[in-house]
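Report on the following structure.
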Protein chains: 2
Amino acid sequence: MAATLHDVARLAGVSIKTVSNVINERPNVGSATRARVEAAIAELGYTPNLTARGLRSGRKGAITLAVPDLALSYFAELAAEVIAAAEAAGVVVLIEQTGGDRQRELALLKSPRLNMTDGLVFSPLGMGQEDAGALEVAYPLVILGERIFDGPTDHVTMRNVAAAREATGYLLESGRTRIAVVGAHEGEVVGSAGLRLRGYREALEAAGVAYDQELIAYSGLWHRANGATCMRDLLARGVEFDAVFGLNDTLALGAMRVLQEAGMTVPGDVAVMGFDDLEEAPYSIPSLTTVDPGRGWIARTAVKTLLQRIADGGQDRAPETRLAEFEIRRRESTATA
Amino acid sequence: MAATLHDVARLAGVSIKTVSNVINERPNVGSATRARVEAAIAELGYTPNLTARGLRSGRKGAITLAVPDLALSYFAELAAEVIAAAEAAGVVVLIEQTGGDRQRELALLKSPRLNMTDGLVFSPLGMGQEDAGALEVAYPLVILGERIFDGPTDHVTMRNVAAAREATGYLLESGRTRIAVVGAHEGEVVGSAGLRLRGYREALEAAGVAYDQELIAYSGLWHRANGATCMRDLLARGVEFDAVFGLNDTLALGAMRVLQEAGMTVPGDVAVMGFDDLEEAPYSIPSLTTVDPGRGWIARTAVKTLLQRIADGGQDRAPETRLAEFEIRRRESTATA
DNA sequence: CGATCAATATACGACGTTGCACTCCCTCAT
DNA sequence: ATGAGGGAGTGCAACGTCGTATATTGATCG
């Protein structure tokens with residue numbers, strides 16, 4: 001059995017409350033007493049029971065991170081940074097996977113499991129603007145991503161429209177005019193797909209290039225396989241293009257593979273642009289030009305914001321939206337001759 | 001404030017214990033009473049306080065998974081499967097990252113944070129056989145990987161030697177005789193690198209091909225960049241080879257990129273074999289032949305074994321080692337003309 | 001019709017911790 | 001000498017749940 005405060009108190013010859021005070025570094029403990037208590041703690045190998053502490057104090061020292069799926073690189077890298085940021089603040093992270101399924105996401109928001117932690121960083125994928133009401137919850141919540149705006153909670157996200165506009169603009173400037181899009185979602189307005197497509201259209205418009213519906217390839221989940229499928233579809237339809245904008249890196253890499261299979265050269269025949277700046281982007285062949293959306297900043301800010309809310313307790317400050325800065329990472333896949 | 005058993009009991013006009021009995025589906029609750037209690041639960045939106053339950057019962061319904069880094073694809077995909085398996089058993093997963101650092105790993109094993117969960121699935125990377133003693137801990141522990149054998153705990157792992165032998169054998173059978181190895185660890189005997197290299201040597205021996213030290217490229221962490229570096233090193237040294245065995249997929253992909261940069265064709269000039277069967281392996285160019293080491297099975301088995309130990313309580317059954325089956329996934333990177 | 005028994009429901013305390021309110025005693029200014 | 005001030009340490013209660021022991025009820029049986 002693990003030692004308790006009682007055991008330590010008995011050994012040190014003080015009250016259990018004094019031991020508690022030593023552990024929590026409170027004032028009003030004499031240095032001799034403190035030393036005695038610390039010796040007893042060391043001797044018994046005492047560690048505080050975090051469950052009991054959580055019950056008594058209401059603080060658990062843990063947060064939940066909910067993402068669609070850790071097998072999707074973007075979310076794995078995001079999770080890695082969230083865990084690191086939380087650890088730096090002395091907090092642990094519990095991870096839930098929703099599969100990007102709206103029902104599971106809505107269920108998660110009401111799950112009793114959440115009361116195991118002090119708050120939630122939530123990256124929804126299936127929910128939409130119409131579900132904003134479901135974010136009205138009793139615990140601290142920070143949402144990520146671009147499925148819901150102006151919700152009742154803090155929101156940390158990236159500048160999708162501006163970044164996609166700049167990415168597209170970069171392709172246009174380097175002389176490409178027929179830019180295919182891979183991974184669009186039919187009819188979507190908000191959501192990463194919708195917003196990035198909007199940035200794409202804005203850039204075309206600014207450059208006076210006509211938007212051509214033919215160039216848009218639609219897909220479901222942003223898996224590599226779907227990027228490949230989109231590209232096969234474009235090729236099968238015989239659409240002419242000299243550049244591809246993958247709405248994320250995974251799609252871009254899948255598409256690039258098919259392009260090369262089909263005998264086209266990148267960037268010679270076709271330039272390829274991604275979005276996310278995954279760890280693998282510099283190592284594809286050719287290396288992938290992409291948008292670094294500020295993932296690390298997003299993770300750190302989400303954690304900081306959530307912990308702030310938790311520390312604030314019940315006070316209702318107005319919800320805030322925080323936007324990460326982005327940057328185009330120029331690599332080989334868009335090089336000009 | 002969230003409702004408690006007391007609130008429900010008051011509303012339903014029964015004792016708090018009866019409510020508890022309803023929630024825990026115990027017998028000896030009349031159906032009329034049960035209905036009344038359930039109505040009260042619904043009306044108040046009561047959910048059990050898991051912290052209090054954890055304190056009282058000693059079961060928290062959560063496990064910890066400790067891995068080096070979620071940004072490493074192998075561990076991200078492993079974590080995804082561990083979480084899925086745990087969820088199926090109604091258990092949540094808390095993730096710790098150790099950075100593969102021996103000190104942090106040792107510290108984690110003694111961390112008070114672990115008492116927030118019921119047990120640990122631990123994938124060490126920095127610890128070695130000499131640290132086996134540190135695995136003697138008071139909580140249920142299942143270890144993964146190949147850093148420590150015959151330790152005091154359950155162990156779930158893959159058949160590294162056999163799989164590497166078969167992978168190498170496959171290259172030999174398809175006519176390759178000068179097989180470079182990427183990602184070896186100098187002097188390592190256990191550990192994935194050491195074991196896979198041993199499998200490689202065994203296959204060479206079985207085929208009567210001499211082991212050539214020149215063909216082995218060493219690296220630290222199995223990042224893509226290190227695969228690239230190894231390959232640059234091999235090319236710089238002017239070593240002749242007609243195949244590359246990357247000790248994992250990430251290394252193989254990094255190496256393959258450099259090969260192609262250098263103007264060599266895969267699999268024409270050089271065949272490339274990986275290990276892990278990452279989600280991206282089928283989508284590289286060319287698609288990567290690799291060893292599927294049974295990651296899903298490992299995740300499920302680790303969770304099942306841990307939950308079994310937890311359910312068993314203090315009984316000390318002898319520790320067991322469970323080995324996953326592997327399979328070679330034949331793809332383009334090793335095709336023969 | 002009273003005794004017996006199972007089914008149903010309850011009361012009490014404990015899990016290990018921390019917040020609050022308290023006592024004691026020493027110091028220091030008046 | 002007196003009282004204010006505050007450092008040091010204590011005791012009690014409570015967080016919300018569940019296990020154990022016990023009380024109550026109604027049904028069954030000889």
Side-chain angles (χ1 to χ4, degrees), chain A residues 1-38 40-41 44-62 112-118 138-139 313-314, chain B residues 1-38 40-41 44-62 112-118 138-139 313-314:
Chain A
M1 276 313 286
T4 73
L5 279 185
H6 285 92
D7 304 322
V8 176
R10 200 175 316 125
L11 182 60
V14 296
S15 80
I16 146 186
K17 188 65 230 270
T18 299
V19 180
S20 170
N21 287 338
V22 169
I23 289 162
N24 295 291
E25 294 175 338
R26 287 168 192 291
N28 300 346
V29 179
S31 55
T33 312
R34 164 165 287 123
R36 206 144 33 87
V37 169
E38 278 165 353
I41 289 175
L44 295 174
Y46 167 80
T47 60
N49 179 320
L50 298 179
T51 307
R53 176 180 286 176
L55 175 60
R56 181 62 245 231
S57 70
R59 286 282 158 64
K60 290 115 197 164
R113 277 141 60 143
L114 290 176
N115 78 19
M116 223 180 278
T117 58
D118 295 324
Y139 47 84
Chain B
M1 278 314 286
T4 73
L5 279 186
H6 286 92
D7 304 323
V8 177
R10 199 175 317 125
L11 182 60
V14 297
S15 81
I16 144 183
K17 187 65 230 274
T18 298
V19 180
S20 168
N21 287 338
V22 169
I23 289 162
N24 295 291
E25 293 173 340
R26 286 170 193 294
N28 300 345
V29 178
S31 56
T33 314
R34 165 166 284 121
R36 206 142 35 88
V37 169
E38 278 165 353
I41 289 176
L44 295 173
Y46 168 81
T47 61
N49 180 319
L50 298 179
T51 307
R53 176 178 287 176
L55 175 60
R56 180 61 246 235
S57 69
R59 286 282 157 66
K60 290 113 194 166
R113 278 144 57 146
L114 290 176
N115 78 19
M116 223 179 280
T117 58
D118 295 324
Y139 47 84

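Letters A, B, ... mirror the listed sequences (proteins, then strands); counts begin at 1. Values reported hereafter were calculated over all heavy atoms of this structure, with side chains retained and with hydrogens, waters and symmetry mates removed.
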(request) Have a look at A:T4 and say if it touches a base, only the backbone sugar-phosphate, or nothing, with a 4.0 Å heavy-atom cut-off. (result) sugar-phosphate
(request) May I ask you to test the A:R53-A:N24 pair for a side-chain heavy-atom distance under 4.5 Å? (result) yes
(message) Considering every strand and a 4.0 Å limit on heavy-atom distances, what is the contact class for A:I16: base, sugar-phosphate, or nothing?
(response) base
(request) Please work out if A:N21 contacts a base, only the sugar-phosphate, or nothing of the nucleic acid, heavy-atom cut-off 4.0 Å. (result) base
(request) Please report, rounded to the nearest Å, how far the P atom of C:dC15 is from the CG atom of A:L50. (result) 18 Å
(request) Could you check how far CG of B:N115 sits from P of C:dT17, rounded to whole Å? (result) 9 Å
(request) Specify the separation, in whole Å, of atom CG of A:L5 and atom P of D:dC12. (result) 17 Å
(message) From CG of B:N49 over to C1' of C:dT17, roughly how many Å is that when rounded to an integer?
(response) 14 Å
(request) Would you confirm whether A:T33, through its side chain, and A:V29, through its main-chain N or O, come within 3.5 Å as a donor-acceptor pair? (result) no
(message) Looking at A:D118 and A:K60, would you say the former's side chain and the latter's main chain have a donor-acceptor pair under 3.5 Å?
(response) yes
(message) For C:dA9 and B:S15 - does any side-chain N or O of the residue sit under 4.0 Å from the phosphate oxygens OP1/OP2?
(response) no
(request) Among the candidates D:dC18, D:dT10, C:dG16, find the nucleotide nearest to the side-chain atoms of A:A52. (result) C:dG16
(message) Base, sugar-phosphate or nothing for A:T33? Non-hydrogen atoms, less than 4.0 Å.
(response) sugar-phosphate
(message) From C-beta outward on A:L55, which listed nucleotide comes closest to its side chain: C:dT17, D:dG9, C:dG16?
(response) C:dG16
(request) Please answer whether the main-chain N or O of B:L5 pairs with a side-chain N or O of B:N49 as donor and acceptor at a distance below 3.5 Å. (result) no
(message) The side chain of B:K17 is closest to which nucleotide in this list: D:dT10, C:dG16, D:dG19?
(response) D:dG19
(message) Rounded to the nearest 0.5 Å, what separates atom OG in B:S15 from atom NE2 in B:H6?
(response) 10.0 Å
(message) In whole Å, I'd like the distance from the CD atom of A:E25 to the P atom of C:dT17.
(response) 16 Å
(message) Distance check needed: C:dG16 P versus A:R59 CZ, whole Å only.
(response) 23 Å
(request) Rounded to the nearest angstrom, tell me the gap between atom CZ in A:R26 and atom C1' in D:dT10. (result) 15 Å
(request) Output the single nucleotide from C:dT17, C:dT10, D:dT17 whose closest atom is nearest the side chain of B:R53. (result) D:dT17
(request) Calculate the interatomic distance between B:D7 atom CG and D:dC15 atom P; express it in whole Å. (result) 11 Å
(message) If the cut-off is 4.0 Å, is A:S57 near the phosphate of C:dT18, judged by side-chain N/O to OP1 or OP2?
(response) no
(message) Is there a side-chain contact between B:T18 and the phosphate of C:dA9, meaning an N or O under 4.0 Å from OP1 or OP2?
(response) no
(request) Return yes if the base of C:dT18 and the side-chain atoms of A:R56 contain a donor-acceptor N/O pair under 3.5 Å, otherwise no. (result) yes
